[in-house]
There are 2 protein chains.
Amino acid sequence: MVPDHYLKLDNQFCFPVYALSREIIQLYRKFLDELDITYPQYLVLMVLWQHDKQTVNQLGDKLLLDSGTLTPLLKRLEQKALVNRNRSKADERVVEISLTAAGAQLKENARRIPKEMFDLLGITLEEMEMLKSIAHKVLKYNAREQKG
Amino acid sequence: MVPDHYLKLDNQFCFPVYALSREIIQLYRKFLDELDITYPQYLVLMVLWQHDKQTVNQLGDKLLLDSGTLTPLLKRLEQKALVNRNRSKADERVVEISLTAAGAQLKENARRIPKEMFDLLGITLEEMEMLKSIAHKVLKYNAREQKG
DNA sequence: AGCAATTAGATTGTGCACAATTTAAATGGA
DNA sequence: TCCATTTAAATTGTGCACAATCTAATTGCT
C-alpha cells in the first residue's frame with residue numbers, strides 16, 4: 001500500500017513547478033504591464049524578434065501551443081498593431097505572422113527585462129541552468145514518448 | 001547595451017518552467033480524467049485529504065490561489081458531490097469546505113498517482129529534489145518581498 | 001481529372017488565473 | 001452605541017490553455 005506521505009502537498013514535486021510558473025508570470029507582469037502585453041504575448045513576440053514572419057504552426061511548435069490558444073492571442077496582438085496576419089498566397093490555409101514596425105520596435109523596450117527578471121528571482125546562475133536542464137529533459141523525454 | 005542573446009527563447013529561464021508546468025498538468029490528465037477531476041481540483045482535494053474542513057482562505061494560502069479562482073472551482077467540486085460548502089456559524093463571512101464521503105473515498109483511487117507520475121517524468125530523485133528546492137527558494141524569496 | 005485523405009487554422013465550450021469591484025459580516029475605537 | 005474600517009467571499013471581466021469539432025485548401029492516389 002502506498003503511504004499517505006506521497007499524497008501530501010508538501011511532498012509533491014509538481015505543485016512547486018506549477019506555483020513557480022504562476023509566480024514567474026506574476027513577476028513578469030511588473031514589466032509587461034508597461035508594454036501593455038501579457039506573458040504569452042511576450043513569448044510570441046520574442047519568437048518573432050528572433051526570426052520575423054512565421055506561420056501559426058511554427059509559432060505553436062516553438063511555444064508548444066495550439067491554434068485554439070494562438071489564434072485569439074494573435075488577433076489581440078493584431079488589434080494592438082504589433083503583428084500582421086496574412087494568408088499565404090502559395091497555400092491559402094497558412095497564416096503568416098509578421099511584426100509591424102511597432103512590434104519590432106517593442107524589442108528595444110523589452111531588452112532590459114531578462115536581466116531584471118533574473119535579479120528579481122533571487123537565484124544563482126547555476127540554479128537557473130539546473131532548472132533549465134531538468135525542464136528540457138522532461139519535455140524532450142515526453143515529446144519522444146508521444147511520437148513512439 | 002544588452003545583447004540580443006538575452007531575448008532569445010532558447011536562452012530563457014522562465015519559458016522552460018512555464019512549458020514544464022503545462023506538460024506536467026498534461027501528464028496528470030491521463031490519471032485525473034479517470035477520476036473526473038482537473039489538476040487544480042486535485043490539489044484542493046489533496047489539501048483536504050491531509051486536513052479536512054478548511055476555509056476558502058486557508059485553501060488559498062496553501063495553494064496560492066485567490067477566491068476568484070477558488071469559488072467557482074469549489075462550486076464545481078460541490079456539484080460533483082466531492083465537497084460540502086458551509087457558512088461558519090461563528091463567522092458568517094467564512095465558508096468552510098469539507099470532504100463528502102465520496103470526496104474522502106477518492107483518496108484511495110488517487111494513491112497510486114504520485115508514483116506513476118514520477119515514473120512518467122523520467123527524471124531522477126536528485127533532480128526532483130533540486131527542482132523542488134529551487135522553486136521553494138524563489139517562492140519564499142518573493143513572498144518575503146511582498147511583505148517587506 | 002476526380003475524389004478521399006490530410007493539413008492549417010478557426011471555432012466552440014469548459015475551466016482555470018487574476019485584477020478589480022462588490023457585498024455582507026465582524027471589529028474597534030470614540 | 002454608532003460608525004468607519006477591516007475582512008471573507010463572491011462577482012465581473014479579460015486572457016489564456018486545451019479538447020473537440022469544423023471549414024476550407026491542398027495533396028495523393030487511381
Side-chain angles (χ1 to χ4, degrees), chain A residues 15 17-30 32-33 35-45 54-61 63-80 82-83 85-97 146, chain B residues 15 17-30 32-33 35-45 54-61 63-80 82-83 85-97 146:
Chain A
F15 173 65
V17 174
Y18 159 76
L20 177 61
S21 175
R22 288 187 292 121
E23 174 70 18
I24 286 175
I25 291 173
Q26 191 66 17
L27 293 174
Y28 264 110
R29 219 176 296 271
K30 177 178 188 294
L32 298 181
D33 277 357
L35 309 187
D36 189 32
I37 55 176
T38 66
Y39 181 65
Q41 289 168 13
Y42 170 68
L43 290 177
V44 166
L45 290 175
Q54 299 196 47
T55 70
V56 174
N57 254 353
Q58 289 173 323
L59 293 173
D61 284 347
L63 298 172
L64 310 177
L65 293 170
D66 69 7
S67 70
T69 299
L70 284 175
T71 296
L73 186 158
L74 291 167
K75 283 182 179 173
R76 283 187 285 271
L77 283 179
E78 188 184 35
Q79 282 205 318
K80 292 182 214 267
L82 296 175
V83 306
R85 298 166 65 245
N86 296 109
R87 290 274 164 192
S88 158
K89 290 208 179 106
D91 185 340
E92 287 280 346
R93 292 170 306 180
V94 172
V95 171
E96 287 169 341
I97 309 297
Q146 280 162 29
Chain B
F15 173 65
V17 174
Y18 159 76
L20 177 61
S21 175
R22 288 188 291 122
E23 174 70 19
I24 286 174
I25 291 173
Q26 191 65 18
L27 293 173
Y28 264 111
R29 218 176 298 269
K30 177 177 189 293
L32 298 180
D33 278 356
L35 309 186
D36 189 33
I37 54 175
T38 65
Y39 181 65
Q41 289 167 14
Y42 170 69
L43 290 178
V44 166
L45 290 174
Q54 298 196 48
T55 70
V56 174
N57 255 353
Q58 288 173 325
L59 293 174
D61 283 348
L63 298 172
L64 310 177
L65 293 170
D66 68 7
S67 70
T69 300
L70 285 175
T71 296
L73 185 157
L74 291 167
K75 283 182 179 172
R76 282 187 286 272
L77 282 179
E78 188 184 35
Q79 282 204 318
K80 291 182 215 267
L82 296 175
V83 306
R85 298 165 65 245
N86 296 110
R87 290 275 164 191
S88 159
K89 292 206 178 108
D91 185 339
E92 287 281 346
R93 292 170 306 179
V94 172
V95 172
E96 286 169 342
I97 308 298
Q146 280 162 29

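A, B, ... follow the sequence lines: proteins, then strands. Residue 1 opens every chain.
- For the atom pair CG (A:L82) and CG (A:L45), the distance works out to 6.0 Å, reported to the nearest 0.5 Å.
- When all heavy atoms of A:L73 and A:P40 are compared, the pair lying nearest together is CD1-CB, 3.6 Å.
- In this structure, B:Y18 OH and A:Y18 OH are separated by 14.0 Å, a value rounded to the nearest 0.5 Å.
- Not a single donor-acceptor pair under 3.5 Å links the side chain of B:E23 to the backbone N or O of B:L20.
- Rounded to a whole Å, the CG atom of A:L74 is 8 Å from the P atom of C:dA10.
- A:Q79 and A:R76 are not linked by any side-chain donor-acceptor pair at a separation below 3.5 angstrom, with hydrogens and angles left out of the test.
- Salt bridge A:E92/A:R87: absent, no basic N to carboxylate O contact under 4.0 Å.
- C:dC18 atom P lies 7 Å from atom CG of B:L65, rounded to whole Å.
- Atoms CZ and CD1, from B:R29 and B:I25 in turn, are 7.5 Å apart once rounded to the nearest 0.5 Å.
- Remark: P of C:dA10 and CG of A:N57 are 10 Å apart, rounded to the nearest angstrom.
- A straight line from NZ of A:K30 to P of C:dC18 spans 18 Å, rounded to a whole angstrom.
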Anything under 3.5 Å between a protein N or O and an N or O of nucleotides 14-16 of chain C, put it in a table, one pair a line.
from, atom 1, to, atom 2, distance (Å)
C:dC16, OP1, B:T38, OG1, 2.7
C:dC16, OP2, B:Q41, NE2, 2.7
C:dC16, OP2, B:R76, NE, 2.7
C:dC16, OP2, B:R76, NH2, 3.0
C:dC16, O5', B:R76, NH2, 2.9

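- Regarding B:L32, its CG atom lies at a distance of 14 Å from the P atom of D:dC18, rounded to whole Å.
- In this structure, B:R87 and B:R22 both approach DNA chain D, and ranking their closest nucleotides by distance from the 5' end singles out B:R87.
- A distance of 8.5 Å separates OG1 of A:T55 from CD1 of A:I97, quoted to the nearest 0.5 Å.
- Atoms NZ and NZ, from B:K80 and B:K75 in turn, are 15.5 Å apart once rounded to the nearest 0.5 Å.
- Distance B:N86 CG to D:dA9 P: 13 Å, rounded to the nearest Å.
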Polar pairs (N or O, both sides) under 3.5 Å between protein and nucleotides 20-27 of chain D?
from, atom 1, to, atom 2, distance (Å)
D:dT26, OP1, A:E92, N, 3.1

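- Phosphate proximity of C:dA19 to A:Q26: present, with a side-chain N or O under 4.0 Å from OP1 or OP2.
- Summarising the geometry, the separation between CD1 on B:I25 and C1' on D:dA17 is reported as 9 Å, rounded to the nearest angstrom.
- Distance A:L70 CG to C:dT11 C1': 14 Å, rounded to the nearest Å.
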